[in-house]
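Please read the structure below before turning to the comments.
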Amino acid sequence: MRQRYSLEIAFLFIVIAVSLIGFSSLVRGEQVALTGYHVLHIITSLAWLLLLLGQLVLIRRHRFDRHRAIGKSIMVAGPTVTASVSLLSVHSAAREAAAGTVDDLVVQNVTFTLELALLVLLAFVLRRNRPVHGSLLMSTALMFLVIALFFTFISYVPGYRIEGPETFDRFAKSGQTSALIGSLVGPLFFLRNVRTGWPWILVSMFFLLNGYLQMVVDRSGRTQPLTVLVGSIGEVPAFGLGLTVFVGLLWMAWKRVPTQRRAEREAV
């Protein structure tokens, strides 16, 4: 029993390590690319991953009361990490729009934000179904892994590293390789528990869907308009709106579940 969740804990350690390597690319080289927006994103992302890790450790040690108490922090952690991802997506698009160029990752950034929000919201709504709740939260780590792998590839891995304009085609290669790894990891966790592991398959499908949407937008020549549109939102409004909307959704879900239970009791 003491070995329960060993694979999940090891997986989170890997995600955190790869994330730190990917984030380090922002301070690598002569010109530091790190901004306040990046710092916020790094802090919230690592805090989210550490929260997942801490919760698994508590469950493994049978500290269920402590686990439930800390679990309430999802009301703050979920909206904050989603809002920070939204902010960084808008910041990336705004920077490219101001330079008159396209944000090649704009589709990936927008869809990642929406998909992360969906997973966290579903985890909250289905919190009474503990196995599915856990799978939904853990599967968010796979999304962070794929993003971290992408930045690790383009910064450090030979054959993927961006070394100038002549190697910009490696962005697509790195993105495809990262998504492929993610789409393979997901089914492995799903097969460990087919009945409740469906969120892992859902996340794997996200990677395929995002790649398809990116291709459609690129081929239709709409990447530039989409970059301008997303960038026009503004970083602060994106964070504030994302935070407010998501808190509202979580609050409605919180109020709805007790209402359903009362209705069920009255119907008996």
Side-chain angles (χ1 to χ4, degrees), residues 7-8 10-26 41-42 45-46 48-49 52 81-82 84-86 88-89 92-93 96 102-120 122 135-163 167-192 197-220 222-223 226-227 230:
L7 180 60
E8 287 82 358
F11 175 68
L12 282 174
F13 272 115
I14 292 174
V15 176
I16 292 172
V18 175
S19 297
L20 290 173
I21 294 173
F23 288 144
S24 70
S25 64
L26 297 173
H41 177 64
I42 291 171
S45 298
L46 291 178
W48 178 258
L49 294 172
L52 297 180
V81 71
T82 304
S84 72
V85 171
S86 176
L88 200 59
S89 299
S92 176
E96 298 299 337
V102 299
D103 184 356
D104 293 321
L105 299 176
V106 64
V107 174
Q108 305 285 351
N109 291 339
V110 171
T111 53
F112 178 89
T113 302
L114 296 175
E115 290 157 359
L116 177 63
L118 175 62
L119 291 173
V120 177
L122 285 175
S135 293
L136 283 163
L137 291 178
M138 278 296 299
S139 65
T140 64
L142 181 55
M143 300 190 70
F144 284 103
L145 174 63
V146 169
I147 298 299
L149 282 172
F150 171 77
F151 285 104
T152 299
F153 282 143
I154 65 174
S155 300
Y156 300 110
V157 180
Y160 293 90
R161 187 170 57 218
I162 303 299
E163 300 171 327
T167 60
F168 280 174
D169 61 307
R170 294 179 181 177
F171 277 110
K173 181 181 178 182
S174 299
Q176 292 167 359
T177 303
S178 302
L180 177 61
I181 293 174
S183 64
L184 293 176
V185 171
L188 294 179
F189 278 95
F190 166 72
L191 291 174
R192 295 190 73 226
W198 56 264
W200 293 97
I201 291 295
L202 179 63
V203 173
S204 295
M205 293 174 62
F206 283 163
F207 301 138
L208 300 176
L209 174 63
N210 296 348
Y212 173 75
L213 291 176
Q214 182 73 65
M215 179 186 68
V216 170
V217 172
D218 287 342
R219 289 183 175 179
S220 64
R222 296 176 181 174
T223 306
L226 183 59
T227 298
V230 174

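One is the number of the first residue; the rest follow in order along the sequence.
Closest heavy-atom contact between Leu142 and Gly182: CD2-O, 3.6 Å. Heavy atoms only, all atoms of each residue included: Leu46 and Ile16 are closest at CD2-CG2, 4.4 Å. When all heavy atoms of Thr227 and Glu96 are compared, the pair lying nearest together is CG2-CB, 4.1 Å. Summarising the geometry of Ala93 relative to Val106, their closest heavy-atom pair is CB-CG2, 4.5 Å, with the distance given to 0.1 Å. The nearest pair of heavy atoms linking Ser204 to Gly186 is OG-CA, 3.3 Å.
Asp103 has its side chain out of reach of Val230: every pair of non-hydrogen atoms, C-beta onward, lies at least 4.5 Å apart. Looking only at side-chain heavy atoms (C-beta outward), Phe150 and Thr177 stay at 4.5 Å or farther from each other. Between Ser19 and Ser45, the closest side-chain pair of non-hydrogen atoms is not below 4.5 Å. Contact annotation: the side chain of Ser178 never approaches that of Phe151 to less than 4.5 Å [non-hydrogen atoms, C-beta and beyond]. With a 4.5 Å cut-off on side-chain heavy atoms, Arg219 and Gln214 do not count as touching. A 4.5 Å side-chain heavy-atom check between Val107 and Leu226 finds at least one atom pair inside the cut-off. Looking only at side-chain heavy atoms (C-beta outward), Phe13 and Leu49 stay at 4.5 Å or farther from each other. In this structure, Met143 and Leu119 have side chains that are in contact, with non-hydrogen atoms separated by less than 4.5 Å.
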Could you walk me through whether Thr111 and Leu209 pass side-chain contact (heavy atoms from CB on, under 4.5 Å), step by step? CA-CA 9 Å; Thr111 53; Leu209 174 63; over 6 Å; no
Assess whether side chain to side chain donor-acceptor pair (under 3.5 Å) is satisfied between Ser155 and Tyr160, documenting all intermediate values. CA-CA 8 Å; Ser155 300; Tyr160 293 90; over 6 Å; no
Check against side chain to side chain donor-acceptor pair (under 3.5 Å), Glu115 and Asn210: CA-CA 10 Å; Glu115 290 157 359; Asn210 296 348; 3.1 Å; yes
If you apply the rule side-chain contact (heavy atoms from CB on, under 4.5 Å), what do you find for Val120 with Trp48, and how did you get there? CA-CA 11 Å; Val120 177; Trp48 178 258; 4.0 Å; yes
Check against side-chain contact (heavy atoms from CB on, under 4.5 Å), Leu136 and Trp198: CA-CA 8 Å; Leu136 283 163; Trp198 56 264; 4.2 Å; yes
Give the intermediate values and the outcome of side-chain contact (heavy atoms from CB on, under 4.5 Å) for residues Phe206 and Leu118. CA-CA 11 Å; Phe206 283 163; Leu118 175 62; 4.1 Å; yes
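Remark: Ile42 CD1 to Leu20 CG distance equals 9.0 Å, nearest 0.5 Å. Rounding to the nearest 0.5 Å places CD1 of Ile162 at 6.0 Å from CD1 of Ile154. Residue Ser86 holds its OG atom at 11.5 Å from NE2 of His41, rounded to the nearest 0.5 Å. In this structure, Ile14 CD1 and Leu145 CG are separated by 8.0 Å, a value rounded to the nearest 0.5 Å.
A side-chain donor-acceptor contact under 3.5 Å links Thr140 to the backbone of Leu137. Between the Ser139 side chain and the Ser135 main chain, a donor and an acceptor come within less than 3.5 Å of each other. Panel note: side chain Thr113, backbone Asn109; a donor-acceptor pair is recorded below 3.5 Å.
Checked against the 6.0 Å centroid threshold, Phe189 and Trp200 count as a close aromatic pair. Centroid-to-centroid, the aromatic rings of Phe112 and Phe144 come within less than 6.0 Å.
Other residues, nucleotides and ligands contribute only 12 or fewer heavy atoms inside 6.0 Å of the CE atom of Met205.
For residues 169-187, the set of pairs meeting the salt bridge (Lys or Arg N to Asp or Glu O under 4.0 Å) definition, not counting sequence neighbours, comprises Glu163-Arg170.
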